[in-house]
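First the proteins, then the strands, lettered A, B, ... as listed; each starts at 1.
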Amino acid sequence: EVQLLESGGGLVQPGGSLRLSCAASGFTFSSYAMSWVRQAPGKGLEWVSAISGSGGSTYSADSVKGRFTISRDNSKNILYLQMNSLRAEDTALYYCAKVKTRNCGGDCNFEYWGQGTLVTVSS
Amino acid sequence: DIQMTQSPSSLSASVGDRVTITCRASQSISTYLNWYQQKPGKAPKLLIYVTSRLQSGVPSRFSGSGSGTDFTLTITSLQPEDFATYYCQQSYSTPLTFGGGTKVEIK
């Protein structure tokens, strides 16, 4: 059974940093791309970032480029999202998602989702 | 960036109704269109990928069609557990983008 467990969310001041983690199990982690998708309170879904199975390719939304960094540790089956220079508009529930394919260069869809970790950016 | 527009944004329907949700892309995305269902307080669930392929475990009353810029999600004979918000998502190119969602409510 595929399981994705996010952690690391919390309350942070504008300009601050957080690192989210997603512990994966139930599948061969290194064989699949992974992604982060967020949802602001009461709003729709917004894709944040994705990384290939090997970790060699990464993709990010313009809204987070230069501030957020996605990475993975295939030896530990963990996905990360380093978030710097946080803004109020980054407040959201952040979901970790398993992609159906090894790469996210095309046909990148989200087969399994975690339950999310809440990030609140406020002074 | 490819913009995804869903319509309607909400609809009311009764159990047993046939429901159709439309998603339009701002440029051609071939058949790289996916549909998700999200219930309140829960993570989204993949229903259909690459326009018409049913994700494992998803009931056959869900179907998808379309190509290019226009796509539809159809639910034949709406069931009580289908009341939720539905999102389309293009996987043709990054940045990946979602539609704004369609909330299906009980009439």
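Under the side chain to side chain donor-acceptor pair (under 3.5 Å) criterion, Lys45(B) pairs with no residue at all, not counting sequence neighbours.
Listed by sequence position, the residues of residues 3-16 of chain B in contact with chain A number zero, using a 4.5 angstrom heavy-atom cutoff. Taking non-hydrogen atoms and a 4.5 Å limit, the residue list of residues 49-72 of chain B in contact with chain A, ordered by number, reads Tyr49(B), Val50(B), Gln55(B).
Note on Ile21(B) and Ile106(B): same hydrophobic cluster, where clusters join Ile, Leu, Val, Met, Phe, Trp and Tyr whose side-chain heavy atoms are under 4.5 Å apart, directly or indirectly. Leu5(A) and Phe29(A) end up in different hydrophobic clusters when Ile, Leu, Val, Met, Phe, Trp and Tyr side chains are linked at under 4.5 Å. Side-chain heavy atoms closer than 4.5 Å link hydrophobic residues (I, L, V, M, F, W, Y) into clusters, and following such links, even through other members, never connects Phe27(A) to Ile78(A). In this structure, Phe110(A) is not a member of the same hydrophobic cluster as Ile2(B), with clusters built from ILVMFWY side-chain heavy atoms closer than 4.5 Å. Following chains of ILVMFWY side-chain contacts shorter than 4.5 Å, one can reach Met34(A) starting from Leu20(A), so the two form part of one hydrophobic cluster.
Of the atoms belonging to Glu46(A), it is backbone heavy atoms, and not side-chain ones, that fall under 4.5 Å from chain B. For a residue to count as touching a neighbouring chain, one of its non-hydrogen atoms must lie under 4.5 Å from one of that chain's; by this rule Lys43(A) touches chain B with the backbone only. For Gln90(B), no part sits under 4.5 Å from any heavy atom of chain A, backbone or side chain. Val48(A) does not touch chain B: none of its heavy atoms, backbone or side chain, sits under 4.5 Å away.
Here the CD-OH distance, from Gln39(A) to Tyr87(B), works out to 5.0 Å after rounding to the nearest 0.5 Å. Atom CD of Gln89(B) is separated from atom CH2 of Trp47(A) by 10.0 Å, given to the nearest 0.5 angstrom.
Crowding of Arg24(B) atom CZ: a count of heavy atoms from other residues, nucleotides or ligands under 6.0 Å not exceeding 12. Counting non-hydrogen atoms of other residues, nucleotides and ligands closer than 6.0 Å to OH of Tyr92(B) gives a total of 12 or fewer.
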- Task: Test Asn109(A) against Tyr32(B) for side chain to side chain contact (heavy atoms under 4.5 Å, CB included), laying out the working first.
- Result: CA-CA 9 Å; Asn109(A) 51 55; Tyr32(B) 292 109; over 6 Å; no

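Legend: ring pair (Phe, Tyr, Trp, His ring centres under 6.0 Å) pairs involving residues 52-107 of chain A, not counting sequence neighbours, sorted by first then second residue: Tyr95(A)-Trp113(A).
Under the 4.5 Å side-chain criterion, counting only non-hydrogen atoms from C-beta, Leu96(B) is in contact with Cys104(A).
Considering all non-hydrogen atoms of both residues, Gly41(B) and Gln115(A) come closest at O-OE1, 4.4 Å.
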